[in-house]
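Working notes, structure below.
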Amino acid sequence: MAGSIPLIIEKYEPRDKGNLIQILQDVQRTEGYIPREAVEKISSHLWISKSEVFGVASFYSQFKFNPPGRHSIKICLGTACHVQGGDFLLNALKSVIDISPNETTEDGRFDLDRVACLGCCALAPVVMIDETIYSNMSVIKLKETLNQYE
Amino acid sequence: MNDFLALRKKALDEWQELQHAPEPVIYIGMGSCGIASGAGKVWDRASEILHQEKIPAKLLKVGCIGPCYLEPLVDIQKPGFPRVSFNNVDEQRLSKLIPEYILNGTSKMKPLGYLGDPVEVPDGIKSLWELPMLKEQKRIVLRNCGIIDPESITHYMARDGFSGLLKAFNLGAEGVIEEVKVAGLRGRGGAGFPTHKKWQLCHDAPGSKKYLICNADEGDPGAFMNRSLMEGDPFALLEGMIIAAYAIQAHQGYIYIRAEYPLAIERLKIAIAQLHRHHLLGKDILKTGFSFNIQIKEGAGAFVCGEETALIASLEGRRGMPRSRPPYPSSSGLNGCPTNINNVETLATIPAIFREGGQAFAGIGSKSSKGTKTFALVGKIRRTGLIEVPMGTTLRKIIYDIGGGSRKAFKAVQTGGPSGGCLSKEFLDLPVDYESLSGAGSIMGSGGLIVMDEDTCMVDVAKYFLKFTSQESCGKCTPCRIGTRQMVEVLEKITRGDAEPGDIQMLEEIAGTVRDGSLCGLGQTAPNPVLTTLKYFKEEYEAHIENQRCPAAVCRDLVEYSVIKEKCTGCQRCVDVCPTGAITGPRSEPHYLDLEKCIKCRACYEICRFDAIAGDAIIIK
C-alpha cells in the first residue's frame with residue numbers, strides 16, 4: 001500500500017506547490033489517511049518544508065493522520081441535524097462503540113468523525129457510514145444499522 | 001453556429017420523442033437526498049422488475065424537484081399520458097406500483113400529481129405544481145431540477161439551454177454587464193453585492209490573464225441549495241460561467257466545490273465533458289473566437305474558505321486564511337491576477353437573465369432585491385425540502401403555506417447559517433430580502449432556513465453556532481480566535497447552570513470585540529446568533545441563569561430523566577435501546593433507571609413515545 005505514495009506524488013509537477021492540497025487528497029484517497037512518510041515525500045517533491053505540508057494538511061478537517069477503521073462513520077452535526085437531535089445521537093454512539101470523534105475502535109471495525117453538513121438537511125438527522133447516507137436516524141436505527149457492518 | 005443549431009434541433013426532436021415515447025418511461029429522482037432515502041435501491045429494483053416482467057420501459061434518472069420529505073419520488077409516463085409522480089416509493093411499494101400502473105392501468109397508490117401537458121390526465125389527478133409546497137413557488141433557477149436528466153446535454157438544450165449564451169455572445173462583453181445591471185442581480189452567496197459591479201471591476205482591471213471562480217464551497221450547516229442545483233442541473237451553472245467569463249474576458253475558470261458533494265462533482269465532470277464535445281467549452285467556443293476552460297477543485301473541509309480571499313489561498317495550495325482587502329480579488333486575486341468570484345446560484349441565474357431578458361428578471365422580487373431566491377427549508381417543519389420563491393416573499397408564506405408549519409408550537413426561524421440570526425414569531429410577516437433581514441439583525445445568507453419549535457433551546461442553538469465558528473476560525477485574528485472561544489465558554493456555563501450575574505453583559509462585550517476586530521465575514525458575523533437570541537429570546541437565557549432551568553428540556557446538565565412507575569408497562573423497548581444499560585427491569589414490571597449510568601441521550605424517551613406500549617412513561621424534567 002505505502003509503495004503507491006511515490007507513484008501518486010510523481011504524477012504532479014515538482015516544485016509546484018499549488019497542487020499540495022490535491023496531492024494530499026490523492027494520498028488520502030488511496031491510503032485512507034496521511035502517513036508520516038507521505039508528508040516527507042511531498043515535502044521533498046514540492047521543495048517546501050515538512051512543517052508547511054503538515055501545516056496545510058492539519059488546517060483542513062478532511063485530512064486524517066491515523067489509519068481509519070474498516071468502516072467510517074460520519075455523524076452529521078449541521079444545524080438541521082443538531083436541531084433534530086444529532087448531538088444526542090453522537091453521545092449515544094460514543095457509548096455504543098466506545099470511541100470519541102477522530103478515533104478508531106480497538107478492533108479496527110469503525111472510525112468516528114463529526115462533519116459540519118452532508119447537505120441532506122431535509123432528512124435530518126443523518127449519519128454516513130462509508131459511502132451510504134442513512135436518513136432520519138435514531139439511536140435504535142443506528143444500533144441496528146451498525147450490525148450490518150463487520 | 002450551424003453545428004449548434006443542428007444540435008438544438010436534434011435535442012428538441014429527442015425531447016419530443018421522449019415525451020411521446022411509444023413505451024413507458026420511469027423517472028427516478030436521484031439527488032443525494034433521494035439516494036439517502038433509498039432511491040438507489042429503488043432504481044435497482046425497478047430494473048429488476050422491468051427485466052423479470054419483460055416490460056419494455058425506459059428508466060431515467062433525474063435530479064430533485066424539491067420536496068425532500070416525499071422522497072424517493074418516482075414518475076411514470078405511459079404512452080398517451082403525462083408523467084405521473086408517486087411519492088415515498090420504497091422497493092416494496094415499487095414492486096406493486098410498476099405492474100399495477102403500467103400493466104393494469106390503475107394503481108391503489110395515490111398519485112401525487114402529473115407533470116407536463118395534461119394530454120390525457122387520468123381521473124382526479126391534479127398538476128404536481130398544484131401541491132401546496134410547489135404552488136407558491138416561482139422556479140427560475142430550479143426550473144430543470146427534477147425534470148431533466150442531469151447527465152444529458154440534449155435534455156438541457158431542449159429546454160432552451162444555451163439560448164442565453166447565444167444572446168450574450170451577440171451583446172458583447174460590455175453589453176452583457178449592462179444586461180446584468182438592468183436585471184438588478186445581487187450575489188446569492190449572502191452579502192448581496194451587485195453582480196454587475198463585480199464583473200465591471202474585473203473587466204476593467206488591467207491584465208491579460210483573468211480568472212473566474214465559482215464558489216461551490218457551500219459551508220453553511222443546514223444549507224444544500226447549491227448541492228441540489230448542481231446535482232439537478234449542472235448545465236445551468238456551466239452556461240452561467242461561460243457568460244460570466246465572457247463578460248470579464250477570463251479564459252480559465254475554477255469550480256471550488258466541497259469534497260462532501262461527490263455526486264455533484266461527478267455530474268459536473270460529465271457535463272463539462274459534454275460541453276467540450278459540443279464546442280461549448282475549450283478553444284474558440286461556437287466559433288466566436290472566445291476560449292474558456294473549467295477545472296474542478298475540491299475543497300478540503302474548511303468553512304472559512306467560503307470567504308473569497310481564503311478560497312483563493314486554498315486554490316493556491318495554502319492554508320485557507322483570509323487576507324485584508326484591498327486589493328480586492330477583482331484587481332489582484334488568484335496568482336495575483338484579476339479574479340471574479342461568484343456563488344453557484346448567482347451564476348446559475350445568469351442564463352435565465354439572458355434567455356428572458358434583464359427587464360423581465362427585474363420585474364420579479366422586491367424593490368431592492370430582484371429575482372428569486374432558493375431556500376433550504378429544514379428543521380422542525382412538516383414539508384422539508386428545497387424551494388425557490390420571489391424575493392420579498394414573507395417568512396409566514398414560506399414557513400406556513402409552503403412548508404406547512406411546524407408540528408409543535410413554532411418558536412424561531414434561523415437564516416443565514418452561522419453568520420445569521422434567529423428570528424422570533426414577531427418577524428413572520430417580514431419580507432425576505434437582503435435589507436429586511438439585516439434590519440432584523442440576521443442576514444440573507446446563502447439560503448438555509450431552519451425552523452425551530454418549542455423543543456429547541458435557543459441558548460443551546462447559540463452555543464451550537466458559536467462552537468461551530470470557534471472551531472472553524474482560521475486563527476489569524478485574535479478577537480475571532482479567542483473571542484469566539486470565550487463566548488462558547490460563557491454559553492457552556494449558562495447551559496450547565498453555573499452562570500453568574502454579569503455573564504450576559506460579558507457575552508455582549510466580547511461580541512462587540514469579535515465583530516469589530518476581525519478581518520473577514522466569519523468573525524465579523526460570528527456573534528450574530530448570540531446577539532439575536534439575546535435580543536429576541538432573553539427569557540430563555542434568564543431561565544437558565546436564574547432558575548437553572550432549560551424550558552425546552554434540551555440542556556443535559558439541567559434536566560433529569562425518570563420513569564413514571566404507574567405508567568410503565570415494562571415492555572422493555574427502552575432497555576433494548578439504552579446504549580449504557582442504565583435501564584433495567586424484568587418484563588411486565590416497571591423499569592428502573594440508574595441515573596449514574598444515564599448519559600441523557602434521549603433514546604429511551606423517543607422510543608417510549610413512538611414504539612412502546614405506555615407512550616409517555618419516560619419524562620424529562
Residue part contacting chain B, namely of A:S138, when any heavy atom lies under 4.5 Å = neither
Contact origin within A:A92 toward chain B - heavy atom pairs under 4.5 Å | both
For B:V451, is it the side chain, the backbone, both, or neither that has a heavy atom closer than 4.5 Å to a heavy atom of chain A?
-> backbone
Highest number of heavy-atom pairs under 4.5 Å with chain A: which of B:G320, B:G475, B:G379?
-> B:G320
Within the side chain of A:E103, is there an N or O that forms a donor-acceptor pair under 3.5 Å with the backbone of A:L112?
-> no
May I ask you to decide if the ring planes of A:F54 and A:F65 are parallel, tilted or perpendicular, using 30° and 60° as cut-offs?
-> tilted
So what's closer than 4.5 Å to chain A heavy atoms on B:N226: side chain, backbone, both or neither?
-> neither
Proximal component of A:I140, with respect to chain B [non-hydrogen, under 4.5 Å] = both
Under 4.5 Å from a heavy atom of chain B, the part of A:N91 involved | both
Please determine if B:R602 forms a cation-pi arrangement with B:Y561, meaning its NZ or CZ atom is less than 6.0 Å from the six-membered ring centre and no more than 45° off the ring axis.
-> no
Side chain, backbone, both or neither of B:S37 within contact of chain A (heavy atoms, under 4.5 Å) = both
Chain A heavy atoms under 4.5 Å from B:E298: which part of the residue, side chain, backbone, both or neither?
-> both
Atom CG of B:D576 with >12 non-hydrogen neighbours under 6.0 angstrom | yes
Are A:D111 and A:K64 within salt-bridge range, i.e. N to O under 4.0 Å?
-> no
Measure B:A259 against the heavy atoms of chain A and call it side chain, backbone, both or neither at under 4.5 Å.
-> side chain
Looking only at heavy atoms, which two atoms of A:F110 and A:I97 are closest? And how far apart?
-> CD1-CG2, 4.0 Å
May I ask you to name which of A:A80, A:A57, A:S61 has the most heavy-atom pairs under 4.5 Å with chain B?
-> A:S61
Are a donor atom and an acceptor atom from the side chains of B:T456 and B:K411 found within less than 3.5 Å of each other?
-> no
In terms of heavy-atom pairs under 4.5 Å with chain B, the winner among A:K94, A:E131, A:Q62 is A:Q62
pair A:I9-A:L46: side-chain heavy atoms closer than 4.5 Å | no
Output, in order, the C-alpha distance, side-chain angles, deciding distance and verdict of salt bridge (charged side-chain N to carboxylate O under 4.0 Å, His left out) for A:D107 and A:R70.
-> CA-CA 9 Å; A:D107 58 2; A:R70 290 194 294 282; 5.3 Å; no
Return the minimal non-hydrogen interatomic distance between B:V378 and B:G222, and the atom names on each side.
-> CG2-O, 4.0 Å
Distance-only donor-acceptor check, side chains A:S4 and A:E31, under 3.5 Å | yes
In Å and rounded to the nearest 0.5 Å, what is the NE2 to NZ distance from A:H82 to B:K467?
-> 8.5 Å
Identify which part of B:I599 has an atom lying under 4.5 Å from any heavy atom of chain A, answering side chain, backbone, both or neither.
-> both
Tell me, out of B:G417, B:A300, B:C33, who's got the most heavy-atom pairs with chain A below 4.5 Å.
-> B:A300
What are the two closest non-hydrogen atoms of B:E71 and B:C64, and how far apart are they?
-> OE2-SG, 3.3 Å
Considering only heavy atoms, which portion of B:K297 lies under 4.5 Å from any heavy atom of chain A: side chain, backbone, both, or neither?
-> side chain
Heavy-atom contact with chain A under 4.5 Å, split by part of B:L386 = neither
Bottom line for B:F303: the part with an atom under 4.5 Å from chain A's heavy atoms is neither
What residue in A:Q28, A:K143, A:K17 has the most heavy-atom pairs under 4.5 Å with chain B?
-> A:K143
With chain A, the option among B:R318, B:M452, B:M321, B:Q471 that has the most non-hydrogen atom pairs under 4.5 Å is B:R318
Residue part contacting chain A, namely of B:C578, when any heavy atom lies under 4.5 Å = backbone
For chain A, find which of B:S32, B:A603, B:S314 contributes the most heavy-atom pairs closer than 4.5 angstrom.
-> B:S314
Heaviest contributor of heavy-atom pairs below 4.5 Å to chain A, chosen from B:V554, B:D460, B:V304, B:L377, is B:D460
For B:D455 and B:K408, what are the C-alpha separation, side-chain angles and deciding distance, and is it a salt bridge (charged side-chain N to carboxylate O under 4.0 Å, His left out)?
-> CA-CA 8 Å; B:D455 283 345; B:K408 290 185 174 178; 2.6 Å; yes
Given a strict heavy-atom distance threshold of 4.5 Å, which part of B:R383 is in contact with chain A: side chain, backbone, both, or neither?
-> neither
Between B:S446 and B:D220, does any side-chain donor sit less than 3.5 Å from a side-chain acceptor?
-> yes
Interface residue of largest heavy-atom contact number with chain A, from B:M225, B:E606, B:R556, B:K600, under 4.5 Å = B:R556
Heavy-atom proximity to chain B below 4.5 Å, by part of A:Q22 = side chain
